[in-house]
Amino acid sequence: MSNKIIEHSIHFGCGLALSLGFGISGMSNANIVISFFTPSWLMETKREWDPRLGIVFCSALGTHALIYNLVKHKLKKPIFAQTFATSTLSNIETNLVLGSTLFGIGWALGGYCPGPATISIVSGLLQPLSFTLSMVISMIFARFYQKKLSNKFFSILSSLVVLAAFYFWRSSSYVSSSSSVSSSVSSSFVPPLTLQTSLYSVFGGILIGSSIGTMFLTFGKILGISGMFSNSFVDTDSQKSLRLTFLVGLLTGAEFFFHFYPQAISSIIVGRPLFFSIFGGLLVGFGTTIANGCTSGHGICGLTRFSPRSIVATLTFMLSNFLTTSLLSIYQY
């Protein structure tokens with residue numbers, strides 16, 4: 001088997017495993033994420049505090065930390081690469097803090113970070129689609145701002161056409177009638193917090209951590225989802241086909257949920273206008289690009305290495321999300 005086939009197969013498998021992890025754990029349900037960041041003293045009867053995001057994060061972090069440390073201590077190099085491509089930067093610059101703050105605010109407004117947002121567009125719902133579309137456009141402008149992109153208008157137009165065409169195809173009566181999604185499925189559905197759903201969160205987190213760890217084991221690379229997207233718009237990027245293969249893996253897992261368990265990817269935040277999703281996506285896209293990471297790159301990969309930059313970034317976007325969600329809760333959003 002050629003190296004190219006192996007590379008693409010592993011990228012596809014990592015994307016698929018991440019997608020399944022997001023769906024099984026509940027991280028593609030924006031309401032579960034928002035409930036984690038809403039303080040108990042601001043809770044209304046319609047939304048109780050939900051610890052599942054914390055369960056998933058700790059499970060993914062622990063799994064990846066185990067794989068990372070085993071690999072670093074047992075192997076001199078990745079299986080299919082010559083060196084480990086971990087960052088050695090330690091400086092805390094303005095873009096890191098600013099970008100992480102914008103990401104946290106956008107995450108609170110839209111209820112999604114890059115990975116769960118991407119698989120949720122398969123549902124055909126307008127909230128995740130508008131969030132993801134805005135996020136991609138914002139990433140393109142961020143790369144242009146960093147002078148790493150020359151043809152921004154072509155990239156933006158291509159993204160708009162592809163995502164808009166996909167949405168109209170998904171929302172057509174033919175697709176809706178031939179899928180397992182029916183009008184009886186509530187898009188605001190949140191699985192109750194039970195021992196079973198908590199175990200699903202643990203298992204989903206293990207899948208997420210294993211996917212990120214596998215990428216490190218095989219190619220020595222940090223699997224940051226925002227980086228996978230934003231680097232696709234860099235003129236000098238030589239791995240566009242691998243990034244596309246990874247995206248196909250993500251969407252393949254999402255298609256599985258769409259046909260067999262649509263509730264996993266079909267959630268909307270009741271009571272929030274569409275503007276929140278659009279603006280939230282813009283902030284997440286620009287913020288994660290200039291900060292060079294999101295919950296996977298900084299939150300899981302970076303914390304595993306005890307990276308000072310990732311510790312600051314993670315604390316910043318978590319705190320920004322908490323403060324923004326608290327403010328939205330006060331005003332009944």
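Residue numbers run from 1 in the order of the sequence given.
- For R309 (side chain) and N91 (main-chain N/O), a donor-acceptor pair under 3.5 Å exists by modelled atom type.
- Both I265 and V248 belong to a common hydrophobic cluster when Ile, Leu, Val, Met, Phe, Trp and Tyr are linked at side-chain heavy-atom distances under 4.5 angstrom.
- Checked by atom type and distance alone, the side chain of E255 never pairs as donor or acceptor with a backbone atom of V122 at under 3.5 Å.
- F257 and F203 fall within the same hydrophobic cluster, where Ile, Leu, Val, Met, Phe, Trp and Tyr residues are linked whenever their side-chain heavy atoms come under 4.5 Å apart, directly or through other members.
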Between L283 and S138, does a side-chain contact (heavy atoms from CB on, under 4.5 Å) hold up when you go through it step by step?
-> CA-CA 7 Å; L283 293 179; S138 186; over 6 Å; no

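- A ring-centre distance under 6.0 Å is found for F279 and F275.
- Two residues are said to be in side-chain contact when any heavy atoms from C-beta on lie closer than 4.5 Å; I222 and M215 fail this criterion.
- Here the two rings, on F141 and F286, have centers that are 6.0 Å apart or farther.
- For Y200, the OH atom is loosely surrounded, since the number of other residues' heavy atoms within 6.0 Å does not exceed 12.
- For the residue pair H298 and T314, no side-chain donor N or O sits within less than 3.5 Å of a side-chain acceptor on the partner.
- Of the possible donor and acceptor atoms, one in the side chain of S326 sits under 3.5 Å from a partner among the backbone N and O of F322.
- The minimum heavy-atom distance linking F246 with C14 is given by the pair CE1-C, 4.0 Å.
- Taking both residues in full, the closest heavy atoms of L18 and I208 are given as CD2-CG2, 3.6 Å, listed atom of the first, atom of the second, then distance.
- To the nearest 0.5 angstrom, I32 atom CD1 is 7.0 Å from S201 atom OG.
- Of the inter-residue distances, the one linking F219 atom CZ with I79 atom CD1 reads 9.0 Å to the nearest 0.5 angstrom.
- Judged by distance alone, with hydrogens and angles left aside, the side-chain atoms of S267 form a donor-acceptor pair with the main-chain N or O of A30 at under 3.5 Å.
- With hydrogens and angles left out, the side-chain atoms of T197 and T194 include a donor and acceptor closer than 3.5 Å.
- Residues M27 and L53 form a side-chain contact, since some pair of their non-hydrogen atoms from C-beta on lies under 4.5 Å apart.
- Using a 4.5 Å cut-off between side-chain heavy atoms of Ile, Leu, Val, Met, Phe, Trp and Tyr, with links allowed through other members, L66 and L303 fall into different hydrophobic clusters.
- Under the 4.5 Å side-chain criterion, counting only non-hydrogen atoms from C-beta, F131 is not in contact with P114.
- Between the NE2 atom in H11 and the CG atom in L16 there is a gap of 14.5 Å [rounded to 0.5 Å].
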Do L129 and L125 pass the side-chain contact (heavy atoms from CB on, under 4.5 Å) test, and can you show the C-alpha distance, the side-chain angles, and the key distance before you say yes or no?
-> CA-CA 6 Å; L129 179 89; L125 294 170; over 6 Å; no

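- Geometrically, K77 does not engage F84 in a cation-pi contact, judged by NZ or CZ lying under 6.0 Å from the ring centre and within 45° of the ring axis.
- The only member of S123, P128, S28 that meets side chain to side chain contact (heavy atoms under 4.5 Å, CB included) when paired with S266 is S123.
- By the criterion of side-chain heavy atoms lying less than 4.5 angstrom apart, applied directly or through intervening Ile, Leu, Val, Met, Phe, Trp or Tyr residues, F103 is grouped together with I311 in one hydrophobic cluster.
- In this structure, the side chain of S19 engages the main chain of L250 through a donor-acceptor pair within 3.5 Å.
- T324 places no side-chain N or O within donor-acceptor distance of the main-chain N or O of I105, the cut-off being under 3.5 Å.
- Proximity of F229 to L247: side-chain heavy atoms (C-beta onward) are separated by under 4.5 Å at one or more points.
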Passes side-chain hydrogen bond (donor to acceptor under 3.5 Å, both in side chains), T304 versus H64? Steps please.
-> CA-CA 7 Å; T304 296; H64 179 256; 3.0 Å; yes

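- At distances below 3.5 Å, not a single donor-acceptor pair connects side-chain atoms of S211 with backbone N or O atoms of L207.
- One hydrophobic cluster, built from ILVMFWY side chains closer than 4.5 Å, cannot hold both I10 and L70; they sit in different ones.
- Separation of atoms CG (L323) and CZ (F37) is listed at 11.0 Å; rounding is to 0.5 Å.
- No side-chain heavy atom of L217 sits under 4.5 Å from any side-chain heavy atom of P78.
- Annotation for T118 and L251: closest pair O-CD2, 3.9 Å, computed over non-hydrogen atoms.
- Taking 4.5 Å as the limit, some side-chain heavy atom of W107 sits within range of a side-chain heavy atom of M318.
- Closest of all the heavy-atom pairs between L96 and S100 is O-OG, 2.8 Å.
- Side-chain contact between Y112 and V284 is absent, with no heavy-atom pair separated by less than 4.5 Å.
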Output, in order, the C-alpha distance, side-chain angles, deciding distance and verdict of side-chain contact (heavy atoms from CB on, under 4.5 Å) for E7 and F80.
-> CA-CA 8 Å; E7 275 189 291; F80 299 112; 5.8 Å; no

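- Remark: side-chain polar atoms of S296 are paired, donor with acceptor, to backbone N or O of I225 under 3.5 angstrom.
- The two residues S134 and S130 come nearest to each other via the heavy atoms OG-O, 2.8 Å.
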M139 vs S226, side-chain contact (heavy atoms from CB on, under 4.5 Å): CA-CA, chis, key distance, verdict | CA-CA 9 Å; M139 284 178 172; S226 60; 4.0 Å; yes

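- Between atom CZ of residue F22 and atom CD1 of residue I119 there is a gap of 7.0 Å, rounded to the nearest 0.5 Å.
- Judged by distance alone, the side chain of D50 and the main-chain N or O of R52 form a donor-acceptor pair under 3.5 Å.
- Not counting sequence neighbours, R305 has no partner by the side chain to side chain donor-acceptor pair (under 3.5 Å) test.
- Between G213 and I67, the closest heavy-atom pair is O-CG2, 3.7 Å.
- Contact check for T295 versus F317: side-chain heavy atoms found under the 4.5 Å cut-off.
- Distance check: I300 CD1 to C294 SG gives 9.0 Å after rounding to the nearest 0.5 Å.
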